[in-house]
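Single-structure report; data block below.
Letters A, B, ... are given to chains in the order of the sequence lines, protein chains preceding strands, and every chain is numbered from 1.
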There are 2 protein chains.
Amino acid sequence: MATMKDVALKAGVSVMTVSRVINSPDSVKSETKNKILSAMNDLKFHPNYAAKALVTNRTRTVHLLIPNQLETADPYLMTLIAGISDVLSKNYYAFLLRREWDSHYKCDGVIAMGLNEEEDQQLLEKMNIPCVLFGDTNLSIDCINVNDQKGGYDMTNYILQNGHEKIGIIVIDEDNTFPVKRYNGYQQALRDNDIPFNPNYVRYSNNTEGDGFTKALELLESTDITALFCLSDVLALGALRAAREVGKVVPKEISIAGFDGVLFDQVAEPHLTTMKQPVYEIGQALASELLTRIENPFKKVTKKLFDPKIMIRNSTSKLNKD
Amino acid sequence: MATMKDVALKAGVSVMTVSRVINSPDSVKSETKNKILSAMNDLKFHPNYAAKALVTNRTRTVHLLIPNQLETADPYLMTLIAGISDVLSKNYYAFLLRREWDSHYKCDGVIAMGLNEEEDQQLLEKMNIPCVLFGDTNLSIDCINVNDQKGGYDMTNYILQNGHEKIGIIVIDEDNTFPVKRYNGYQQALRDNDIPFNPNYVRYSNNTEGDGFTKALELLESTDITALFCLSDVLALGALRAAREVGKVVPKEISIAGFDGVLFDQVAEPHLTTMKQPVYEIGQALASELLTRIENPFKKVTKKLFDPKIMIRNSTSKLNKD
DNA sequence: CTGAAAGCGCTTACAG
DNA sequence: CTGAAAGCGCTTACAG
């Protein structure tokens, strides 16, 4: 591998000037610069990042802080990581997953997710390197999130537009803001369409197929809903099973909608209408944002929301009320 | 961050001896060693990998060579990468995805996949660093693969044991060895059970739900098969749809089996019997193997096969013939 | 078993 | 606009 010294020798300049061409090309006379650039080209010069890292204290490595309670084999997280790694790799940044808060190993920046408010605060205080958060916070941290409120609103609106007025909802019962936001969206859409809110149509559920099944069964047996909005696809799968259990044909007799859309564009089954989160794109955005922040530590803090989009799988899943 | 110099000062030794404690602890008198270890502990010393990288020419970074035709957002690949990153991250190795054969950036090792024979050869010749291959080759490269032959054999055997004798098969029509191996397993199982092979029961198909549907339809309409072994889950989904299309109840009138099992342990639907590949574990093994090879470049070449396992989703998917 | 010197390939001040 | 010197935190020979 050619070094800067080799390039300097070939171009007849000092190593320092070669370094300048790389780091602040404008400060070099263009004639000199061209000489050096062609020497770099001839020698196939590529900087030794280890040497650079040693002196600049930058490693060209990014850490993904993923709390232990998140399962890395989860498709949602894997898709996110795929998006992140796509952008990082293209920029020759390596990355490593970090399951613990502390690390004695250097990195240039951190992408964090699944933190509560207290931890957001910690992130701001303890990390003295660039951070980007997948989530929401009022603190001065770059963050990117899904617009859950809008997702809940748009889906409810869509169901209403298909002629349903009695819309059940299964809310995820977790200490997290996203189910609340989706639920708020549902309520707002009802208000905007002058449809009364019926608390009997609401169930809280653990985010599992099994509990979704149970809660959907309750709604199907005890109410006259004609549509059911499940705040995750996992719940929706349980609801589909519950519909089969009570012999209601989907979507003729009961329309079922989910939320997430992570797996379901890969799998043909089940034919579920859902709110697809742009997870891969969010991953890409997290990485881009972090790299921008690393380049420019004093730039204004960014807050971005990505809209989820309704995804209708096929004709059999249309929410039309006959 | 404390450096080796700080540790040396505190322990009253030279930097060199601190370095020895890290790299060849046996060469240091245990008394000295303990003094140094406790100094390292007090100062929370952790080596600066950039400095180490510079002098040892090792980067603590691994490249994943993923040919461009492979989609990184594919669940199979994401699961594999999750397994790989799990092990690498635990060992503080960063990694980056590499879509092109050439890289001017240093790394300590490469995990490659999806290569043809010619490329395997290239891998051996061009890379002068440790490599591990996800796949098969007779060349002197560490490799890890799925035992596809056994997967095909075991599934066929299982279907036979459930009383079926007329077993259709949809083979993936790709320039790749794995469908052939699975198909061979099918044929071998038939022979071992003295069941005649019927070429009319065989269809070749693109690995898509749509083509799976078409080919399954052909088999269901033109033959008397009572079971259908699809060499991928995607094909099996098409087959399930074809069964619905012709009004055959699964599994009462037609049993359907797939192969892969990547998504289907996450999703409750569809209830499909399949051969689950241990993809996450394979990813972990690829990374472990590479790290071992990096530590010990002259060790014997390893060839490992992972057995896929039959996964029966639930009672409705049992392959029992009434 | 331990240490003093040189150097890995860059960048950061400082000169000119 | 360009260069000579020093140093980042380690390891590799070489001594003793």
### Task
Scan A:Val13 against the nucleic acid and name what it touches under 4.0 Å (heavy atoms): base, sugar-phosphate only, or nothing.
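Result for A:Val13 = sugar-phosphate.
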
### Query
Under 4.0 angstrom, heavy atoms only, what part of the nucleic acid is B:Asn23 near: base, sugar-phosphate, or nothing?
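The residue B:Asn23 makes sugar-phosphate contact but no base contact.
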
Length of the line joining [X]:[atom1] and [N]:[atom2], which is rounded to integer Å:
X	N	atom1	atom2	result
B:Met4	C:dA5	CE	P	16 Å
B:Asn48	D:dG7	CG	C1'	13 Å
A:Asp26	D:dT2	CG	P	13 Å
A:Lys29	D:dT2	NZ	C1'	9 Å
B:Leu9	C:dT2	CG	P	17 Å
A:Asn57	D:dC10	CG	C1'	14 Å
A:Ile36	D:dG3	CD1	P	8 Å
B:Met16	C:dT2	CE	P	11 Å

Taking 4.0 angstrom as the limit, do [X] and [Y] come out as a salt bridge?
X	Y	result
B:Asp136	B:Lys181	yes
A:Arg58	A:Glu295	yes
A:Glu289	A:Lys299	yes
A:Asp6	A:Lys10	no

All N/O donor-acceptor pairs, side-chain side in residues 122-131 of chain A, below 3.5 Å, sequence neighbours left out:
unit_1, atom_1, unit_2, atom_2, d
A:Glu125, OE2, A:Gln121, NE2, 2.8

### Message
Nearest to the A:Leu54 side chain among C:dC10, D:dC8, D:dT12, which nucleotide is it?
### Response
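When the side chain of A:Leu54 is considered, D:dC8 is the closest of C:dC10, D:dC8, D:dT12.
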
### Task
Spell out, as yes or no, whether a donor-acceptor pair under 3.5 Å connects the side chain of A:Ser24 to the backbone of A:Asp26.
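No; judged by distance alone, with no hydrogens or angles, the pair does not exist.
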
### Query
When the nearest nucleotide of DNA chain C is assigned to A:Arg20 and to A:Val15 on a heavy-atom basis, which residue is associated with the more 5' position?
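It is A:Val15, whose closest nucleotide lies nearer the 5' terminus.
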
### Task
Using the closest heavy atom to pick a nucleotide of DNA chain C for each, name whichever of B:Ser14 or B:Ala51 lands nearer the 5' end.
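The residue closer to the strand's 5' end, by nearest nucleotide, is B:Ser14.
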
Can you tell me if [X] touches the phosphate of [N], counting only side-chain N or O atoms and a distance under 4.0 Å to OP1 or OP2?
X	N	answer
A:Thr17	D:dG3	yes
A:Thr32	D:dC1	no
A:Lys52	C:dT11	yes

### Message
Expected output check: what is the dot-bracket annotation of DNA chain D, where ( ) and [ ] are pairs inside the strand (brackets for crossing ones), | is paired with another strand, and pairs are Watson-Crick or G-U under 3.5 Å?
### Response
|||.||||||||.|||

### Query
Any chance the side chains of B:Asn57 and B:Lys52 put a donor and an acceptor closer than 3.5 Å?
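The answer is no; no qualifying pair exists.
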
